Colleague: 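Following this message is one structure expressed as structure tokens.
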Amino acid sequence: MKEKIASHKKGIAIIIILCLVAGGIYYKKKSTPPVEVGTMVITTPITKGDIQETIALRAPLEGTESAEIVSRLHYEVLQLNAKEGDRVKRGQVLAVLDSDTLKQEIKRAEDQLALAKVESQETSSRSAQNVALAKAQLEEKLKDQQTAYEKAVLERDEIKRKYDNIKTLVDAGVETEESLKEIQNTYDSAQQAVDSYTVENGKVIATDADLKNIENSADASSASRAKNIAMLQTELNNKRKDLEECQITSPIDGTITRVNIKMGRFADDTDDDKPMFVVENIDQMEMEILVSEYDIGKIQVGQTATISADILQDETVEGVVDRISPTGEEKAGSTERVIPTTVRITGDAKGLIAGINAKAEILVAESKDILLLPLECLREEVDGSVSVLRVNSENKIEVIPVITGVENDINVEVSSEILQEGDNIVISPTSDLVEGTLVTTAPEMNNMENQEQNNDTEDEDVEDATEDENIENDTEDNSENDTENQETDNAEIDSIE
């Protein structure tokens, strides 16, 4: 019995000890002072690396040089020497037009021009003879007039001397005034005779009427004949040009990309009034993108570009900004202006096809080995400055001004004397987060939850151990009681016997 009691006491003692341990653990858990939890934030570490800013736009690919070949001639196409896809050289004949009728017209025009020139030459010769005769007659006339002029001058001078003598006598009272008037009239008549001649430095010269007579002696139709000859020459030149254009040639080296004419049709009767041929230099391709007026300040000639297209699958080719238009144009359906900008393919254009859409991604800026953050980390302050929120070792907010640099769709370059690689920066910071605000990051919150779960697990383990011990003690007590009872029964049996 003592052993049974002792065994029972021992079981009770074990139970008490387990209860005290479990209670202590529970007390420790329940009595742990609560941890102060700050505003929940999500952070990301500052990284170091490279960043590129690009502008991507789509446009169709086209040859760097192209020509649309048309004909104004209404002549039948006799030969077609090229088809789509053929590579051609400058000056190569692509088609030949029927020129038989035109050649006949040229022959007639040549004959007409030759005849007109002969007739004009003959008439001009006769006219020259007439002019020479008129000039000879004028020279003879001027010689006679010179003699007559000199005689008139002498007569006038003689009368002048007589006038002077009579006037002296009149002043002396020897002659009358009537005699002076008579000699005066004679002098005036002699002076008029002298003045009737056109004289220069004492020499009689031809009058305007004389010169006009010589001009009239020339053939009056000479100007008309010259004009007629000029018209015939122009007509002949035009027909000769038409004959040259009956050979349809390529103005550039390239590839035939379109043929819109057929044999037997007239050269000016093409499919849908399109050019007879389109030739493009597709060995060297380019694309004209329309850059927004808000981005054009970032684009410069010489910047590199990466060209991609569905036909290339995952591959790309290199390009370069080749030309920027000096003027902008209106963007369809918008008040925004766009500036045509040409990107030339510099890499291997094999696999690209003119006319398909491609995307040009132009590198406008880049920085290497700098601090990088997601764009969502930036916060614009009231004064217009930009800052980021760093979480320090005490889980408190530090507001740090930064200067931004190159950015892309995801990240941005930041500069600060305070920030370092690895610093934890708040993503999508709100205005209520100020300097010194206590925060809790997502990893810390997860650690707290994990710790709490671990504590709960320990409590459950203690309870399970206590329960197992109780079961074991009950089993031992029952076994001891069974033994004692068996011994008592055996003693009673021996006593009876």
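We number each residue from 1, following the sequence as shown. None of the values given here were measured: they were computed from a predicted structure.
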Colleague: Which heavy-atom pair separates Gly422 from Pro45 by the least distance, and what is that distance?
Modeller: O-CB, 4.0 Å
Colleague: Taking Ile362 as the fixed residue, which of Asp295, Thr54, Leu57, Ile299 is the one that meets the side chain to side chain contact (heavy atoms under 4.5 Å, CB included) rule?
Modeller: Ile299
Colleague: Is the side chain of Glu407 donor-acceptor paired with the backbone N or O of Glu53 at a distance under 3.5 Å, no angle test?
Modeller: no
Colleague: What's the separation between atom CG in Leu180 and atom CG in Asn185, rounded to the nearest 0.5 Å?
Modeller: 10.0 Å
Colleague: Contact between Thr304 and Val320 at the side-chain level, heavy atoms closer than 4.5 Å - yes or no?
Modeller: no
Colleague: Hey, mind stepping through Val170 and Glu177 against side-chain contact (heavy atoms from CB on, under 4.5 Å) and telling me if it holds?
Modeller: CA-CA 6 Å; Val170 171; Glu177 290 288 340; 3.3 Å; yes
Colleague: For Asp314, I'd like to know if atom CG has over 12 heavy atoms of other residues, nucleotides or ligands within 6.0 Å.
Modeller: no
Colleague: With no hydrogens and no angle check, do the side chains of Ser71 and Glu245 hold a donor and an acceptor under 3.5 Å apart?
Modeller: no
Colleague: Please list all pairs passing the side chain to side chain donor-acceptor pair (under 3.5 Å) test where one or both residues lie in residues 264-275, with sequence neighbours left out.
Modeller: His74-Asp268, Lys262-Asp271, Arg265-Asp271
Colleague: So Thr342 and Glu286, side chain to side chain donor-acceptor pair (under 3.5 Å) or not? Walk me through it.
Modeller: CA-CA 7 Å; Thr342 301; Glu286 63 185 16; 5.2 Å; no
Colleague: CD1 of Ile55 to CD1 of Ile296: how many Å apart, nearest 0.5 Å?
Modeller: 8.0 Å
Colleague: Is there a side-chain contact between Asp348 and Val317 in this structure, where contact means two heavy atoms from C-beta onward sitting under 4.5 Å apart?
Modeller: no
Colleague: Tell me if a side-chain donor or acceptor on Glu413 pairs with a main-chain N or O of Val406 at a distance below 3.5 Å.
Modeller: yes
Colleague: Ignoring hydrogens and angles, state whether a donor on the side chain of Asp100 or Gln104 is under 3.5 Å from an acceptor on the partner side chain.
Modeller: no
Colleague: Quiz question: by atom type and distance under 3.5 Å, do the side chains of Ser387 and Glu381 form a donor-acceptor pair?
Modeller: yes
Colleague: Test side-chain contact (heavy atoms from CB on, under 4.5 Å) on Asp164 and Thr168 and set out the steps.
Modeller: CA-CA 6 Å; Asp164 292 340; Thr168 301; 5.6 Å; no
Colleague: Are any of the side-chain heavy atoms of Leu419 and Ile425 separated by less than 4.5 Å?
Modeller: yes
Colleague: Using a cut-off of 6.0 Å, state whether more than 12 heavy atoms not belonging to Glu336 lie near its atom CD.
Modeller: yes
Colleague: Are any of the side-chain nitrogens in Glu110 or Lys239 under 4.0 Å away from the carboxylate oxygens of its partner?
Modeller: no
Colleague: Please check this pair: side chain of Asp423 against backbone of Gln420, looking for a donor-acceptor N/O pair closer than 3.5 Å.
Modeller: yes
Colleague: For Asp310, look at atom CG and say whether over 12 heavy atoms of other residues, nucleotides or ligands are found less than 6.0 Å away.
Modeller: no
Colleague: Got Ile229 and Leu113 here, is their nearest side-chain heavy-atom distance under 4.5 Å?
Modeller: yes
Colleague: What is the minimum heavy-atom distance between Ile307 and Ala360, and which atoms define it?
Modeller: CD1-CB, 3.7 Å
Colleague: Would you say the side chain of Val399 lies within less than 4.5 Å of the side chain of Leu389, judging by non-hydrogen atoms?
Modeller: yes
Colleague: Can you tell me if CZ on Arg87 sees more than 12 non-hydrogen neighbours from other groups inside 6.0 Å?
Modeller: no
Colleague: Look at atom CZ of Arg344 and say whether more than 12 heavy atoms of other residues, nucleotides or ligands are closer to it than 6.0 Å.
Modeller: yes
Colleague: Does some side-chain heavy atom of Pro275 sit less than 4.5 Å from a side-chain heavy atom of Val70?
Modeller: yes
Colleague: Would you name the heavy atoms of Ser325 and Ile339 that are closest together and state the gap between them?
Modeller: O-CG2, 3.5 Å
Colleague: Measure across Val412 and Pro374 and return the closest heavy-atom pair with its distance rounded to 0.1 Å.
Modeller: CG1-O, 4.3 Å
Colleague: Could you tell me if Gln184 and Asp188 have a donor-acceptor pair between their side chains, going purely by distance under 3.5 Å?
Modeller: yes
Colleague: Kindly compute the distance separating CD (Glu62) from OG1 (Thr257), expressed to the nearest 0.5 Å.
Modeller: 11.0 Å
Colleague: Check whether any side-chain N or O of Glu84 sits under 3.5 Å from a backbone N or O of Val259 as a donor-acceptor pair, and report yes or no.
Modeller: yes
Colleague: Check whether any side-chain heavy atom of Ile345 lies under 4.5 Å from a side-chain heavy atom of Leu61, and answer yes or no.
Modeller: yes
Colleague: For the CD atom of Gln146 and the NZ atom of Lys143, what is their distance to the nearest 0.5 Å?
Modeller: 11.0 Å
Colleague: Write down the atom of Leu352, the atom of Ala309, and the distance for their closest heavy-atom approach.
Modeller: CD2-CB, 4.3 Å
Colleague: Could you tell me whether a side-chain N or O of Asn281 sits under 3.5 Å from a main-chain N or O of Gly63, the two making a donor and an acceptor?
Modeller: no
Colleague: Under the criterion side-chain contact (heavy atoms from CB on, under 4.5 Å), I'd like the reasoning laid out for Val414 against Ile403: C-alpha separation, chi angles, the key distance, then a yes or no.
Modeller: CA-CA 6 Å; Val414 292; Ile403 298 175; over 6 Å; no
Colleague: Take a 6.0 Å sphere around CG of Asp171 and say whether it holds more than 12 heavy atoms from other residues, nucleotides or ligands.
Modeller: yes
Colleague: Check for a donor-acceptor pair, side chain of Ser250 on one end and backbone N or O of Gln92 on the other, with a separation under 3.5 Å.
Modeller: no
Colleague: Could you go through Glu398 and Lys396, starting from their C-alpha distance and side-chain angles, then the distance that decides it, and tell me whether this counts as salt bridge (Lys or Arg N to Asp or Glu O under 4.0 Å)?
Modeller: CA-CA 7 Å; Glu398 293 178 349; Lys396 291 185 178 180; over 6 Å; no
Colleague: Look up atom CG in Asn238 and atom CD in Glu105, then write down how far apart they are to the nearest 0.5 Å.
Modeller: 12.0 Å
Colleague: Considering the options Ile400, Ile397, Thr43, which one meets the side chain to side chain contact (heavy atoms under 4.5 Å, CB included) requirement together with Arg390?
Modeller: Ile400
Colleague: Which pair of heavy atoms, one from Thr341 and one from Val291, lies closest together, and at what distance?
Modeller: OG1-CG2, 3.6 Å
Colleague: When rounded to the nearest 0.5 angstrom, what distance separates CG in Asp98 from CG in Leu78?
Modeller: 4.5 Å
Colleague: Flag yes if more than 12 heavy atoms outside Glu435 fall under 6.0 Å of its CD atom; otherwise flag no.
Modeller: yes
Colleague: Could I get the full list of ring pair (Phe, Tyr, Trp, His ring centres under 6.0 Å) partners for Tyr149, not counting sequence neighbours?
Modeller: Tyr197
Colleague: Can you establish whether the number of heavy atoms outside Ile42 located under 6.0 Å from its atom CD1 is more than 12?
Modeller: no
Colleague: Quick one: does any side-chain atom of Gln303 pair with a main-chain N or O of Gln300 as donor and acceptor, under 3.5 Å?
Modeller: yes
Colleague: Would you say Glu361's side chain and Thr306's backbone share a donor-acceptor pair under 3.5 angstrom?
Modeller: no
Colleague: Might you work through the side-chain contact (heavy atoms from CB on, under 4.5 Å) test for Met276 and Leu94, ending with a clear yes or no?
Modeller: CA-CA 10 Å; Met276 293 180 67; Leu94 308 181; over 6 Å; no
Colleague: Would Asp86 and Lys83 count as a salt bridge (Lys or Arg N to Asp or Glu O under 4.0 Å) if you check the C-alpha gap in whole Å, the side-chain angles of each, and the deciding distance to 0.1 Å?
Modeller: CA-CA 6 Å; Asp86 286 353; Lys83 61 183 181 300; 3.3 Å; yes
Colleague: Would you check if the side chain of Thr346 reaches a backbone N or O of Glu318 as a donor-acceptor pair within less than 3.5 Å?
Modeller: yes
